[in-house]
Chemist: 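Structure provided below as structure tokens; questions to follow.
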Amino acid sequence: MPGPSDALEPSTGRKHVAVAGRLFVAPALIAIAIFFLVPVVAALGLSLTDFDIYALADRRNLRFVGWANYGTLLTDPLFWTALRNTAIFVIAAAPLSIAVSLGAALLVDAKLARFRGLFRTALFLPVVTTLIAAAVVWRYLYHPRVGLLNRVLAWFGVAPIDWLGDPTWALPAIILMAVWKNFGFNMVIFVAGLQSIPPRLYEAASIDGAGAWQGFRHVTLPMLAPTFAFVAVMTMIGHFQLFAEPYVMTQGGPANSTLSVVLLTYLEGFRWWNLGYAAAISFVLFAVILVLTVVATRLRALGGGLDAPEAARGGRA
Amino acid sequence: MSRSARAIAVNAALVLAAGLTLLPLAWMVSVSLMPTGEASRLPLRLLPSAPTLEHYRTLFTRLDVAGYAANSALLATAVTAISLVLNSMAGYAFAKLPFRGRDALFRTLLAALVIPAQVGMLPLFLMLKGMGLINTYAGVVIPGLASIFGIFLVRQYAQSIPDSLLDAARIDGAGELRIYRSFVLPACTPILTTLALFTFMGTWNDFLWPLIVLSDQDRFTLPVALANLLGEHAQDVELMMAGSVLTVAPMVVLFLALQRYYVAGVVSGSVKG
């Protein structure tokens, strides 16, 4: 491929670099604009129409309905169920997964630990497994009669639980599976965070008479605060997008107890072809994620300023 | 607690945690090798009485799993190759080729990271339907052509390329495309490996979009085919586990071979996120 190849004067050189820069970003930005940003804006437009299977067949059946889809949403029990389930999933699974990640990171990073690399790999493995395959496997682990979980629980005298068939247990079962699948990701981030804490902070703390717990409370936690903030926001956003687990394991049941917002969007949009209504649902989800992200970022800015002890902050050169 | 007692406690906890984590995967492999029906029988067996490959044979001969694997491999390779070129060019330019409005453009791009991919899905589907790309491989590839996260990763890495090196090449008369190919790409090999790994695995593992776009069974990717298989063979535990093994195994192998790059990517994505 021939390129502009003359050595140039400094001023024309800068201009030529600028031209090259624009040309270099263009393909990626055009792709992102056409196939991501335009559809997002179009989704807002779509959510203001009654686009359904008739409009899919013939665009003349398409009508502009203003905010009517959003009005319908507010009175749609299915939407509220999906939002409630998704909220429970986020509120339970995200902190649980972060706590497990932190625990695993502390163990893997412990000075006394042996074969750290091996353990880290083992704990990380669920992250790279295909979600659909993992969901299929867990579907059988949760089988009421022959599933491994109930068989193991039977040794302890626990009566069989119909994990995925009982509205009380189905969502917790999906939460447990999601924690297993995801915790390794944040564990790796926490390990990197732990390794960036200067050892002299722990030495200083122990000279001041701090025990292991106090060292954790006053050095580790404050030093991990920025990592925490990042991990919390990203984990939350990820968990709002729950879809494949209920799709494979429960199809949203029983009694809609595992119906998530994205699953409802999929069903409304691609199963029942109510694309206008589905677009409204996806926009509400986007708004919720956006608001929470902004709040979390603000809280982090606020908390970062108040919480971190001076010693810890000074240590972060 | 004495030091040795603590060492035992830490390592015992690690063994327990790793065991629990690997248990579902080990169980998947073990059941996939059991004769039909053995996983459902009582008492519980953890290992097959007589290991058999019959379910793998069924998958390959009767259920065309090789075809699905080929679809998955083809799509993952295509997305990886195209997006690697587009992301690396853009990431390099955002790091090293200043033009007016560049940094504002990059900030806008980063802000768009907060938009969940599902929001644009419905109009994208209609758009591709209008272009006749529904139920085609191209339709699956299109949303993955370029990624904001990929551009971000490359930009972060390319910033460490010394300007003097690029300027020297320019004085020697090298064109920008040549500089990109002969200096920038080699210098960015580690991050490009990471990005290739992320993209390949992400595309291979993706479910929602191929599920929406593909309707012909011959074009299904492995995850879509696996979910479809569950519809007809839900009772056949051993067969479903063999299918899961085949879907997961390439990712596990790839990860084990290149895990250094994978972990580096996870961490560097979180540093300035």
Side-chain angles (χ1 to χ4, degrees), chain A residues 1 3-7 17-18 20-22 24-25 27-28 31-32 35-36 39-40 42-43 46 104 107 110 112-114 119 121-123 126 128-133 136-138 140-141 146 148 151 185 188-189 192 230 241 243-244 248 262 265 269-270 275 278-279 282 286 289-290 293, chain B residues 6-7 10-11 13-14 17-18 21-22 24 27-28 40 44 86-87 89-90 92-94 97-99 102 114-116 118-120 122-124 142-143 145-146 151 170-171 173 175-178 201 205 207-208 212 223 226-227 230 237 240 244 247-248 251-252 255 259 263 266-267 270 273:
Chain A
M1 276 180 275
S5 61
D6 304 315
V17 164
R22 285 178 216 273
F24 272 49
V25 299
I32 290 169
F35 299 118
F36 181 57
V40 168
L46 189 60
L107 275 178
L112 299 166
R114 311 200 48 191
F119 282 122
T121 305
L123 295 172
V128 300
T129 58
T130 312
L131 183 53
I132 284 301
V136 168
V137 172
W138 279 77
Y140 291 107
L141 289 176
V146 300
L148 198 58
R151 288 181 172 201
F185 192 86
V188 165
I189 295 175
F230 172 80
Q241 300 172 26
F243 169 74
V248 169
V262 176
T265 311
F270 296 107
L275 285 110
S282 71
F286 174 32
I289 291 179
L290 191 64
T293 309
Chain B
R6 265 188 298 150
V10 164
N11 287 290
L14 273 171
T21 305
L22 294 181
W27 186 78
M28 164 183 82
S40 314
L44 169 67
L86 265 58
N87 291 336
M89 288 180 78
Y92 160 60
F94 276 122
L97 301 175
F99 55 86
R102 185 186 68 164
V114 72
I115 307 173
Q118 294 93 339
V119 177
L122 299 147
L124 185 61
I142 272 178
L145 288 178
I151 295 173
R170 282 183 193 121
I171 289 165
E176 291 301 328
L177 213 51
R178 216 353 265 275
M201 293 172 79
N205 289 339
F207 177 63
L208 181 51
I212 290 169
L226 192 66
L230 190 65
V237 191
M240 288 309 301
S244 303
T247 309
V248 166
M251 296 303 98
V252 170
F255 168 72
Q259 85 165 283
V263 170
V266 172
V267 172
S270 76

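Only heavy atoms go into these numbers, but all of them, side chains included; no hydrogens, no water, no symmetry mates. Please read these numbers as outputs of a predicted model, since none were measured by experiment. Just so it is clear: chains get the letters A, B, ... in the order the sequence lines come, proteins before strands, and each one is counted from 1.
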Chemist: In Å and rounded to the nearest 0.5 Å, what is the CH2 to OG distance from A/Trp138 to B/Ser244?
Modeler: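 These two atoms lie 13.5 Å from each other.
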Chemist: Top residue by heavy-atom pair count (under 4.5 Å) with chain A, among B/Ala18, B/Pro116, B/Ala227?
Modeler: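 Most heavy-atom pairs under 4.5 Å with chain A: B/Pro116.
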Chemist: Heavy atoms only, distances under 4.5 angstrom: which of B/Ala13, B/Ala7, B/Pro24 has the most pairs with chain A? Name it, please.
Modeler: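 If we count pairs closer than 4.5 Å to chain A, B/Pro24 comes out on top.
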Chemist: Which one wins on heavy-atom pair count under 4.5 Å against chain B: A/Thr293, A/Val137, A/Thr129?
Modeler: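 If we count pairs closer than 4.5 Å to chain B, A/Val137 comes out on top.
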Chemist: For residues B/Val119 and A/Ala43, report the shortest heavy-atom separation together with the two atoms involved.
Modeler: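 Closest heavy-atom pair between B/Val119 and A/Ala43: O-CB, 3.3 Å.
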Chemist: Are the side chain of B/Asn87 and the backbone N or O of A/Ala28 linked by a donor-acceptor pair below 3.5 Å?
Modeler: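 Judged by distance alone, no pair lies under 3.5 Å.
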Chemist: Output the distance between atom CD1 (A/Ile132) and atom OG1 (B/Thr247), rounded to the nearest 0.5 Å.
Modeler: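 If we round to the nearest 0.5 Å, A/Ile132:CD1 and B/Thr247:OG1 are 9.5 Å apart.
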Chemist: To the nearest 0.5 Å, tell me how far B/Phe255 CZ sits from A/Thr121 OG1.
Modeler: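 Reported value, rounded in 0.5 Å steps: 5.5 Å.
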Chemist: So, taking the atom named CZ in A/Phe286 and the one named CD1 in B/Ile115, what distance separates them when rounded to the nearest 0.5 Å?
Modeler: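 Interatomic distance, A/Phe286 CZ to B/Ile115 CD1, rounded to 0.5 Å: 4.5 Å.
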Chemist: I'd like to know which of A/Val248, A/Leu141, A/Leu131 tops the heavy-atom pair count under 4.5 Å against chain B.
Modeler: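 It is A/Leu141.
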Chemist: Take B/Phe99 and A/Val17, measure what side-chain contact (heavy atoms from CB on, under 4.5 Å) needs, and give me the verdict at the end.
Modeler: CA-CA 8 Å; B/Phe99 55 86; A/Val17 164; over 6 Å; no
Chemist: Determine the option with the most heavy-atom pairs under 4.5 angstrom with chain B, choosing from A/Val128, A/Leu123, A/Val40, A/Val146.
Modeler: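 Most heavy-atom pairs within the cutoff with chain B belong to A/Val128.
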Chemist: Select one option (side chain, backbone, both, neither) describing which atoms of A/Ala110 are under 4.5 Å from chain B's heavy atoms.
Modeler: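 It is the side chain, since no backbone atom gets that close.
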Chemist: Could you tell me which of B/Met251, B/Arg102, B/Met240 has the largest number of non-hydrogen atom pairs under 4.5 Å with chain A?
Modeler: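 Max contact count across the listed options: B/Met240.
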Chemist: Using a 4.5 angstrom heavy-atom cutoff, name the option from A/Ala122, A/Ala31, A/Ala104 with the most pairs to chain B.
Modeler: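 Top option by heavy-atom pairs under 4.5 Å: A/Ala122.
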Chemist: For chain B, which candidate among A/Thr130, A/Leu107, A/Val136 shows the most heavy-atom pairs at distances under 4.5 Å?
Modeler: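 When all of A/Thr130, A/Leu107, A/Val136 are compared, A/Thr130 has the most.
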Chemist: Return the CZ to CZ distance between B/Phe94 and A/Phe24, rounded to the nearest 0.5 Å.
Modeler: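 Here the interatomic distance stands at 13.0 Å.
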Chemist: For each of B/Val263, B/Ile151, B/Leu97, tally heavy-atom pairs with chain A at distances under 4.5 Å, and name the one with the top tally.
Modeler: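 Ranked by contacts with chain A, first place is B/Leu97.
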Chemist: For B/Leu124, which atoms come within 4.5 Å of any heavy atom of chain A: side chain, backbone, both, or neither?
Modeler: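 For B/Leu124, backbone and side chain are both near chain A.
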Chemist: At their closest point, which heavy atom of A/Val25 faces which heavy atom of B/Ala90, and how far apart are they?
Modeler: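 What the structure gives for the nearest pair is CG1-O, 3.8 Å.
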Chemist: Find the distance between CG (B/Leu208) and CZ (A/Phe270) and round it off to the nearest 0.5 Å.
Modeler: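 One finds 7.5 Å between CG of B/Leu208 and CZ of A/Phe270.
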Chemist: Is A/Arg114 in contact with chain B via its backbone, its side chain, both, or neither, using a 4.5 Å heavy-atom distance?
Modeler: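 Looking at A/Arg114, backbone and side chain both touch chain B.
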Chemist: Is chain A contacted by the side chain of B/Leu14, its backbone, both, or neither, given a heavy-atom distance below 4.5 Å?
Modeler: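 Both backbone and side chain.
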Chemist: If you look at every heavy atom in A/Gly269 and B/Leu122, which pair is closest and at what distance?
Modeler: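 Taking every non-hydrogen atom into account, CA-CD2, 3.9 Å.
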Chemist: Taking atom types as modelled, find out whether A/Thr265 and B/Gln118 have a side-chain donor-acceptor pair closer than 3.5 angstrom.
Modeler: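 Judged by distance alone, the side chains do not pair up.
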Chemist: Is it the side chain or the backbone of A/Phe119 that comes within 4.5 Å of chain B heavy atoms, both, or neither?
Modeler: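 For A/Phe119, side-chain heavy atoms alone lie under 4.5 Å from chain B.
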